[in-house]
Amino acid sequence: MAKVIGEAIPNMPWEEKPQGYNEVVWRYSQNPIIKRNPGPKATRVFNSAVIPYGDGFVGVFRADHRDTTMHLHFGKSKDAINWEFEDEDIKWVDEDGNPFQPEYGYDPRLTKIGDEYLVMWCTSFSGAPTIGLGKTKDFKTFVRLENAFLPHNRNGVLFPRKINDKYVMLSRPSDNGHTPFGDIFISESPDLTYWGKHRKVMRAGGSWQALKIGAGPIPIETDEGWLMIYHGVILTCNGYVYSMGAALLDLENPSKVLYRGGPFLLTPEEPYETIGYVPNVTFPCAALCDAATGRIAIYYGAADTYTGVAFSTVDDIIKFVKETNELMPGDSGIGRN
């Protein structure tokens, strides 16, 4: 059994696998947990980030407003299933306390390093998308930092600790549109400001992930490697389909892919995943993992309209990526060439 390096979360959501169900990941029977029009301004909440906090849970949520603009809202929950959202979007300040509001914000991730909670999201930089960074200690004051990268970039995902005394972030360089391409890259920084030593980790390819791939939740640290859950996209005759996959990265050199699962873990099948603002999307952005049991609750955006939860275990997913391993040419630490 793999050992999870992290905290126990005994109160995290959990539902046993349905009897006779043979897949590695299974959906929560009460999905979607966040439905349409969850607040006065928000028509849809999806592709969001959650984390344990105090005796409950908090999150930074993507909320698309009634004018279709994309904003980040704070939310809290006692059980990580039933959520209460602030009506107003998060008001950011710079490090001197001056207002520093992003033009837009979407697809956030959230992790804790030291005594700070760090937020990554897709923000606007001179009218184009890139990775925004911010921090908070109390989820009351949110401080924006410098943007991590030049445009165009999406899906910034920090590792939950420094590696070799550096902050390390996964990302997916993109373009200004729907991005009909994309591989996963990794970068490091001594201070969350200056980023370099960029390497390609994994490339798109195969079938369900032929068009583009991007890191999903904060990677889960185990004694066998970093468990990375990610999304993969294929362009079909009826449009894009976003599915969920997994890989295992080296602990001290996470640009190195140890194993990469061949098939997807989850693909759009249910009505709330196949019918919505953007059909056929299962987009993972957050995961709770109980270090004591290895249980995982994966939070994913469904059809760019709803939020769903799916369950698995660290052991089941690691077994899956090892047994179905399909490393591709161009995976693992390609750079400087």
Below 4.0 angstrom, N of the basic side chain to O of the carboxylate: do [X] and [Y] qualify?
X	Y	value
Asp107	Arg154	no
Arg199	Glu188	no
Asp115	Lys137	yes
Glu16	Arg295	yes

List the residues meeting salt bridge (charged side-chain N to carboxylate O under 4.0 Å, His left out) with [X], not counting sequence neighbours, and say none if there are none.
X	result
Glu224	Lys322
Glu23	none
Arg203	none

Would the distance check show the side chain of [X] and the main-chain N or O of [Y] forming a donor-acceptor pair, the cut-off being under 3.5 Å?
X	Y	result
His65	Lys41	no
Thr193	Glu146	no
Asp223	Lys3	yes
Thr130	Leu150	yes
Thr136	Thr141	yes
Arg260	Gly245	no

Next on the checklist: Tell me the closest heavy-atom pair linking Arg62 and Ser48, and the distance in Å.
Outcome noted: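 So the two residues come closest at N-OG, 2.9 Å.
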Checklist entry - Under 30°, 30 to 60°, or over 60°: which ring-plane class applies to Phe139 and Tyr117, parallel, tilted or perpendicular? => result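 If you compare the ring of Phe139 with that of Tyr117, the planes turn out tilted.
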If you link ILVMFWY side chains whenever their heavy atoms are less than 4.5 Å apart, which other residues fall into the same cluster as [X]? By chain and number, please.
X	answer
Val143	Val93
Ile234	Val241
Ile5	none

Item to check | Tyr272 six-ring centre to Lys35 NZ/CZ under 6.0 Å and within 45° of normal | outcome: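 No, Lys35 and Tyr272 do not form such a contact.
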Next on the checklist: Please report whether the ring centroid of His231 lies less than 6.0 Å from that of Phe283.
Outcome noted: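 Yes, close enough.
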Checklist entry - Quick one: CD on Gln209 to CG on Asp183, what's the gap to the nearest 0.5 Å? => result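 Answer rounded to 0.5 Å: 10.5 Å.
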